[in-house]
Amino acid sequence: MPSTALAGIRVLDLSRILAAPLATQMLADLGAEVIKIERPGTGDDSRAYGPPFADGPEGERTDTAAFYLSCNRNKQSVTVNHATAEGQALIRALAARSDVLVENFRAGTLAKYGLDHESLREVNPRLVYLSVTGFGQSGPYAQRPGYDGIFQAMSGMMSVSGHPDEPMKVGVSMVDILTGLYAATAVLAALRHRDATGEGQFIDLSLLDCGLASLSHFAMNYLVSGEVPRRRGNGGYGGIPSQAFMCKDRPLFLVAGNDKQFAAFCAAADRTDLLQDPRFATTSARITHREEILPVLEGIMRTRTRDEWLAILDEHDVPAGPFNEMPEVFADPQIQHRGMLVEVEDPVSGRLPLLANPIRFAATPVEGYAAPPALGEHTADVLGRLAGVTERQLAELRARGVV
């Protein structure tokens with residue numbers, strides 16, 4: 001039995017910034033060997049996406065941005081200039097010995113260098129080739145550049161986020177993150193197909209498509225009813241209540257998603273009379289009479305402090321939680337118990353804190369965390385081991401700016 005779920009899988013990672021690197025980081029966490037190809041001298045653009053930058057062992061600022069550190073752990077960094085003939089030959093040699101290749105260049109770019117799927121399948125027909133682009137490989141927008149905020153706007157995500165008079169993007173780069181998860185899932189499915197048939201395949205993944213797919217029940221509500229979803233700030237579209245409420249001192253988020261939980265809330269609030277009102281007696285009735293019940297609930301919630309409400313709601317098994325700032329998040333005893341913060345040894349910054357992978361396997365746990373690599377840290381080892389490059393050849397390639 002392998003010690004990790006993806007032991008023996010090699011991934012050639014030609015991606016940068018966020019969505020695709022998140023996918024390859026997920027594969028690396030699951031045990032795949034991930035070789036990150038970067039430009040000599042500068043590397044992944046996200047290395048410079050700071051401040052903040054990591055601190056060195058003596059507290060001095062390094063040149064490695066926290067953004068880069070968020071999506072490149074457990075990888076090996078190899079510098080290769082893909083714009084040179086020698087660099088292309090090196091990448092082809094690595095692709096011939098890889099199971100997966102991931103890239104996020106604009107559609108058609110890598111074909112200029114003979115590094116597209118059709119070219120590389122000639123040297124490795126078992127290769128799973130994933131291309132992540134903004135708009136996909138075809139269509140009127142295929143050649144457009146794009147970033148997360150643009151896709152949040154175009155996909156409709158912003159249309160359902162924010163307050164009624166102000167569309168708003170999600171604070172984190174949500175389309176990038178969701179695309180990374182779709183990408184990792186797609187690779188795993190393609191590997192399963194490859195193992196069954198012996199054939200790799202091309203995967204065309206678009207951030208715009210993933211942004212739209214993530215609208216899920218919002219999109220289905222529109223498709224079924226024809227009604228355009230309204231922005232409700234911190235209010236949800238499920239059972240009532242399902243939103244933020246201001247308490248006497250601070251806010252909390254409360255969800256009573258079914259009739260049993262609403263009855264428990266009414267008992268906790270000493271307002272069982274609400275259950276006798278036909279407008280509020282059932283989930284469907286509360287959704288229909290949303291505008292009538294919300295002011296009642298807002299008044300109730302302002303009668304106690306946040307912590308008082310959290311305690312009494314917990315006693316009555318009503319789902320609720322505080323709004324945590326980052327210090328509170330990492331101080332939360334449940335977060336600490338789950339081990340969501342890990343520290344690793346890093347040659348650049350000394351001790352480096354990282355977010356843990358949230359997947360908990362029984363048989364193949366995610367246990368090893370290696371710090372995101374320094375630029376070109378593994379060039380000599382990987383090219384020597386997989387492409388037969390000698391130390392002398394490596395020196396010559398470096399002198400010519402190939403690696």
Side-chain angles (χ1 to χ4, degrees), residues 10-29 32-84 86-91 93-95 98 101-105 109-110 113 115 132 176 180 344-354 368-387 389-391 393-403:
R10 180 175 295 128
V11 179
L12 191 58
D13 182 3
L14 275 65
S15 69
R16 62 264 191 239
I17 313 299
L18 187 55
L22 277 172
T24 53
Q25 176 173 272
M26 176 64 77
L27 300 174
D29 285 354
E33 177 189 6
V34 176
I35 299 170
K36 183 178 180 69
I37 303 297
E38 302 190 69
R39 292 189 304 269
T42 56
D44 187 327
D45 297 337
S46 70
R47 287 182 180 273
Y49 277 16
F53 292 92
D55 290 333
E58 305 301 323
E60 72 279 10
R61 199 198 86 172
T62 70
D63 292 327
T64 303
F67 190 111
Y68 168 82
L69 298 174
S70 72
C71 52
N72 286 290
R73 65 170 175 248
N74 287 332
K75 302 181 185 180
Q76 303 170 65
S77 174
V78 174
T79 52
V80 177
N81 184 351
H82 69 270
T84 67
E86 291 170 301
Q88 293 154 23
L90 289 172
I91 293 174
L94 296 176
S98 296
L101 184 146
V102 177
E103 57 93 358
N104 60 352
F105 287 81
T109 298
L110 289 183
Y113 307 110
L115 300 175
V132 179
D176 278 320
V344 299
E345 290 288 343
D346 178 34
V348 175
S349 59
R351 296 292 294 174
L352 180 68
L354 294 173
Y369 290 95
L375 180 60
E377 181 179 343
H378 304 93
T379 301
D381 171 65
V382 170
L383 293 184
R385 179 165 47 91
L386 300 179
V389 176
T390 66
E391 290 185 9
Q393 290 170 327
L394 185 66
E396 293 172 351
L397 291 170
R398 281 179 171 151
R400 293 196 295 274
V402 176
V403 299

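At a threshold of 4.5 Å between non-hydrogen side-chain atoms, the residues Asp29 and Leu27 do not count as touching. Two residues are said to be in side-chain contact when any heavy atoms from C-beta on lie closer than 4.5 Å; Leu397 and Leu90 meet this criterion. In this structure, the side chains of Val11 and Val102 come closer than 4.5 Å at one or more pairs of heavy atoms. No side-chain heavy atom of Pro372 sits less than 4.5 Å from a side-chain heavy atom of Lys36. Within the 4.5 Å cutoff, the side chain of His82 has heavy atoms near those of the Phe105 side chain. Contact annotation: the side chain of Asn74 approaches that of Tyr369 to within less than 4.5 Å [non-hydrogen atoms, C-beta and beyond].
Evaluated for a side-chain contact (heavy atoms from CB on, under 4.5 Å) with Asp346, the options Leu69, Leu352, Thr64, Leu354 yield exactly one hit, Leu352. For the side-chain contact (heavy atoms from CB on, under 4.5 Å) criterion with Pro40, the lone passing option out of Leu375, Asn81, Val402 is Asn81.
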Query - Glu33 and Gln76: CA distance, side-chain angles, deciding distance, side chain to side chain donor-acceptor pair (under 3.5 Å) verdict - result: CA-CA 8 Å; Glu33 177 189 6; Gln76 303 170 65; 3.1 Å; yes
Report task. Please report the C-alpha distance between Leu110 and Leu14 in whole Å, then the side-chain angles of each, then the deciding distance to 0.1 Å, and finally whether the side-chain contact (heavy atoms from CB on, under 4.5 Å) criterion is met. Result -> CA-CA 10 Å; Leu110 289 183; Leu14 275 65; 4.2 Å; yes
Report task. Verify side-chain contact (heavy atoms from CB on, under 4.5 Å) between His378 and Ile35, making sure each step is shown before the conclusion. Result -> CA-CA 9 Å; His378 304 93; Ile35 299 170; over 6 Å; no
Report task. Could you walk me through whether Thr379 and Leu394 pass side-chain contact (heavy atoms from CB on, under 4.5 Å), step by step? Result -> CA-CA 9 Å; Thr379 301; Leu394 185 66; 4.1 Å; yes
Requested in this report: Could you please spell out the steps behind the side-chain contact (heavy atoms from CB on, under 4.5 Å) verdict for Leu115 and Leu101?
Outcome: CA-CA 10 Å; Leu115 300 175; Leu101 184 146; over 6 Å; no
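With salt bridges taken as basic N to acidic carboxylate O contacts below 4.0 Å, none links Arg398 and Glu391.
Ala65 approaches Gly50 most closely through the heavy-atom pair CB-N, 3.7 Å. Across all non-hydrogen atoms, the minimal contact from Ser98 to Leu94 is OG-O, 2.7 Å.
No donor-acceptor pair closer than 3.5 Å links the side chain of Ser46 to the backbone N or O of Tyr49.
Summarising the geometry, atom CD belonging to Gln88 is positioned 7.5 Å from atom OH belonging to Tyr113; distances are rounded to the nearest 0.5 Å. Taking CD1 of Ile91 as the reference point, atom CD of Glu103 lies at 11.0 Å (rounded to 0.5 Å).
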For residues 15-25, run the donor-acceptor check on the side chains, cut-off 3.5 Å, and write out each pair with its distance to 0.1 Å, sequence neighbours left out.
{"unit_1": "Ser15", "atom_1": "OG", "unit_2": "Asp13", "atom_2": "OD1", "d": "2.5"}
{"unit_1": "Arg16", "atom_1": "NH1", "unit_2": "Asn104", "atom_2": "O", "d": "3.2"}
{"unit_1": "Arg16", "atom_1": "NH1", "unit_2": "Asn104", "atom_2": "OD1", "d": "2.7"}
{"unit_1": "Thr24", "atom_1": "OG1", "unit_2": "Asp13", "atom_2": "OD2", "d": "2.7"}
{"unit_1": "Thr24", "atom_1": "OG1", "unit_2": "Ala20", "atom_2": "O", "d": "3.4"}
{"unit_1": "Thr24", "atom_1": "OG1", "unit_2": "Pro21", "atom_2": "O", "d": "3.0"}
{"unit_1": "Thr24", "atom_1": "OG1", "unit_2": "Lys75", "atom_2": "NZ", "d": "2.8"}
{"unit_1": "Gln25", "atom_1": "OE1", "unit_2": "Asn72", "atom_2": "N", "d": "2.8"}
{"unit_1": "Gln25", "atom_1": "OE1", "unit_2": "Arg73", "atom_2": "N", "d": "3.0"}
{"unit_1": "Gln25", "atom_1": "NE2", "unit_2": "Ser70", "atom_2": "O", "d": "3.2"}

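Of the N and O atoms on the side chains of Glu38 and Ser77, at least one donor lies less than 3.5 Å from an acceptor on the other residue.
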